[in-house]
Structure formats: C-alpha cells, structure tokens
Amino acid sequence: MRVAMAKNRGVLIAIEGIDGAGKSTQSVLLKRALEQRGYEVVLLKEPTNGVWGSKVRRLAQLGRHVSPEEELELFLRDREENAKQHIIPALESGRVVIMDRYYPSSMAYQGALGIDPQLIRERSERVAPVPDLVVVLDVPPEVGVSRILKRGERPNHFEEEEYLRAVRDVFRRIVEEGMGVLVDGTLSPQRVHARILELAMPLVEDC
Ligand code: TYD
C-alpha cells in the first residue's frame, strides 16, 4: 500500500548518490533555477534534523555500529515523520519538492549491508510518496572520499571507501532496474546542473 495523496499534487525530485557526489550543491542549484522560473520549491534533506535523523547522525559520528536492521528502522522513522510533516503537505499545495537524499539512499546504503533493496523500497513507499524523478549522481568512491576530505571533514562510518564502492554498485543496479537516471557526477557542476534541469523541466511544466 502506498501513502494516500491528493490528486493535484506537485512534483517530487530526489537527488541521490554516494557521499561527495555533489548532491547538496546540485539540489541548491536546481532549487534556484526553478525559483527563477517562477516555481515554488521546497528543499528538504534526509537524514533530517528531527529526533530520528539526529540520532542516526550522532551514531555515525561516534562510529557506533548498530545492526543494519536497526539503522534502517531509524531512517524509516525519520522518513515517515518528514513525509507527514513536510513532504506530503508541500506536494499537496502544488510545490516542487527537492529531496537531498530520499529512500533510494536507504536502498543503497542499507542494501549494501545485506538488506534486500526492494524490501526497503516497499517499506519506504508505505510511509512516504513515490518520487517523480530520481537522479543518481555517479562518482567513483575515491572521488567521493577525496571531496569529503577536501571539505575538511573526517569520513564517518558511512563514508569508508570500500563501503561506498558497494553503495555505488547498488545505486547503479537500482537505475539499471528502472528507478531513476544516472548522471555522471565527475562532470563540472554546471554541466551536471544543466542535465538535471533538462530532466526536471518536463515534469514541473506538466504539474
Ligand atoms: P548526509 O547526507 O551525509 O548527511 P549530513 O551531511 O547531514 O551528515 O547523510 C549521512 C549519512 O547517512 C550518509 O553517509 C548516508 C547515510 N544514509 C543512509 O545510510 N541511509 C539513508 O536512508 C539515508 C537518508 C542516509
């Protein structure tokens, strides 16, 4: 069962990829470009700053390993809360919602830990709306890690290179199986942006 939504809804776009793929930069560029064209845009991020999102981030910083199943539960609770409080109301009022990470991240990150990605998808779709467009920014893990280090951040346990390699593989598989579009994240930010805008415009023009 999927979450119930009013018929005349806005557009939901998820920007995805491994850490350091450029999601946050691209989400902001997309928001700005759509606003310049007169659309009302809400940019949201998962994990959120709510109770569950903060908990998962704190665990990551402490390097404390919980089981993949427990980790998934936290992300799902965070998502359910975000959907109820922010995503669904924004869509119902006709806005464009850009997600800087959404449930494809759970499929890839917790999928890479051995949980079936399709099961994660089904569970997410019970609590959160299906996106109209998923963009997966694809970069090799060494590029992701070097961008994280350049930001002056220390990689947390989600960001180790071998793990990110497995996460990237799941993202690529998800796209091969029909969810979303792969965009080469090693291109210049402007070129990546142009490609995302090209993918988004037909959807927002339609809404
Ligand atoms: P990140 O986008 O890096 O958030 P912040 O910059 O606020 O720390 O997300 C933190 C980590 O959470 C990231 O490495 C990916 C991971 N993650 C999952 O494992 N599953 C999920 O469902 C989501 C949304 C994120």
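Nothing here was measured: the structure is a model prediction, and the numbers come from that model. Hydrogens, waters and symmetry mates are skipped; everything else that's a heavy atom, side chains included, is used.
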Any donor-acceptor pair under 3.5 Å linking the side chain of Lys23 with the backbone of Ile18? yes

Side-chain heavy atoms nearer than 4.5 Å, only ILVMFWY residues, links allowed to pass through others: does that put Ile120 and Tyr163 together? yes

Should side-chain heavy atoms under 4.5 Å link Ile, Leu, Val, Met, Phe, Trp and Tyr, which residues sit in the same cluster as Val183? Val11, Ile13, Ile15, Val28, Leu30, Leu34, Tyr39, Val41, Leu43, Val96, Ile98, Leu133, Val135, Leu137, Val181, Leu187, Val192, Ile196, Leu197, Leu199, Met201, Leu203, Val204

Sorted by chain and residue number, the side-chain contact (heavy atoms from CB on, under 4.5 Å) partners of Val143 (sequence neighbours excluded) come out as Val139, Pro140, Arg147

Side chains of Ser106 and Arg123, donor plus acceptor under 3.5 Å: no

How long is the gap from CD on Gln85 to OG1 on Thr48, to the nearest 0.5 Å? 8.5 Å

Please name all residues satisfying side-chain contact (heavy atoms from CB on, under 4.5 Å) with Val51, sequence neighbours left out, ordered by chain then number. Glu81

Is it true that the side chains of Asp19 and Tyr109 contain a donor and an acceptor less than 3.5 Å apart? yes

Kindly give the heavy-atom pair with the smallest separation between Pro129 and Ile88, and that separation in Å. CG-CG1, 3.8 Å

If you apply the rule salt bridge (charged side-chain N to carboxylate O under 4.0 Å, His left out), what do you find for Glu80 with Lys84, and how did you get there? CA-CA 6 Å; Glu80 182 169 7; Lys84 278 199 187 119; 3.3 Å; yes

Side chain to side chain contact (heavy atoms under 4.5 Å, CB included) between Asn82 and Glu46, worked out: CA-CA 8 Å; Asn82 200 22; Glu46 288 189 9; 3.7 Å; yes

Kindly work out whether a path of hydrophobic side-chain contacts (I/L/V/M/F/W/Y, heavy atoms less than 4.5 Å apart) joins Val42 to Leu29. no

Side chain to side chain contact (heavy atoms under 4.5 Å, CB included) between Val56 and Phe75, worked out: CA-CA 7 Å; Val56 89; Phe75 284 114; 3.6 Å; yes

Are Arg95 and Glu40 close enough for a salt bridge, meaning some N to O gap below 4.0 Å? yes

Between CZ on residue Arg32 and OG on residue Ser27, distance to nearest 0.5 Å: 11.5 Å

Value for CZ (Arg126) from CZ (Arg79), rounded to nearest 0.5 Å, stands at 13.5 Å

So do Pro117 and Val170 actually touch side chain to side chain, heavy atoms under 4.5 Å? yes

Which distance, rounded to the nearest 0.5 Å, do you find between the CG of Leu12 and the CE of Met99? 7.0 Å

Nearest-0.5 Å distance that lies between atom CE in Met107 and atom CD1 in Ile115: 12.5 Å

Which heavy-atom pair separates Asp100 from Ser24 by the least distance, and what is that distance? OD2-OG, 2.8 Å

Taking only residues two or more places apart in sequence or in another chain, which ones pass side-chain contact (heavy atoms from CB on, under 4.5 Å) with Glu177? Gln118, Arg173

When you check the gap from the basic side-chain N to the acidic O, do Arg9 and Asp132 get nearer than 4.0 Å? yes

List the residues meeting side chain to side chain donor-acceptor pair (under 3.5 Å) with Asp116, not counting sequence neighbours, and say none if there are none. none

Rounded distance [0.5 Å steps], CG in Leu72 versus OG in Ser67: 9.5 Å

Keeping the roles fixed (side chain from Glu16, backbone from Tyr102), state whether a donor-acceptor pair exists under 3.5 Å. yes

Identify whether the distance between the nearest side-chain nitrogen and carboxylate oxygen of Arg165 and Glu162 falls below 4.0 Å. yes

For a quick test of reading the model, state the closest non-hydrogen atom pair linking Ser124 to Tyr103 and the distance between them. OG-CB, 3.3 Å

For the student: nearest non-hydrogen atoms of Arg77 and Trp52, plus distance: NH1-CH2, 3.2 Å

Distance-only, no hydrogens or angles: does the Gln110 side chain make a donor-acceptor pair with backbone N or O of Glu69 under 3.5 Å? no

Can you see which heavy atom on Pro141 is nearest to which on Leu164, and at what distance? CB-CB, 4.0 Å

Could you give all pairs that pass the side chain to side chain donor-acceptor pair (under 3.5 Å) test and reach residues 192-204, with sequence neighbours left out? Arg195-Glu198

Over 12 foreign heavy atoms within 6.0 Å of NZ, Lys55: no

Shortest non-hydrogen contact between Ala83 and Val127, atoms and distance: CB-O, 3.4 Å

Go through Val134 and Ile174 one step at a time and tell me if the side chain to side chain contact (heavy atoms under 4.5 Å, CB included) criterion holds. CA-CA 10 Å; Val134 175; Ile174 292 171; over 6 Å; no

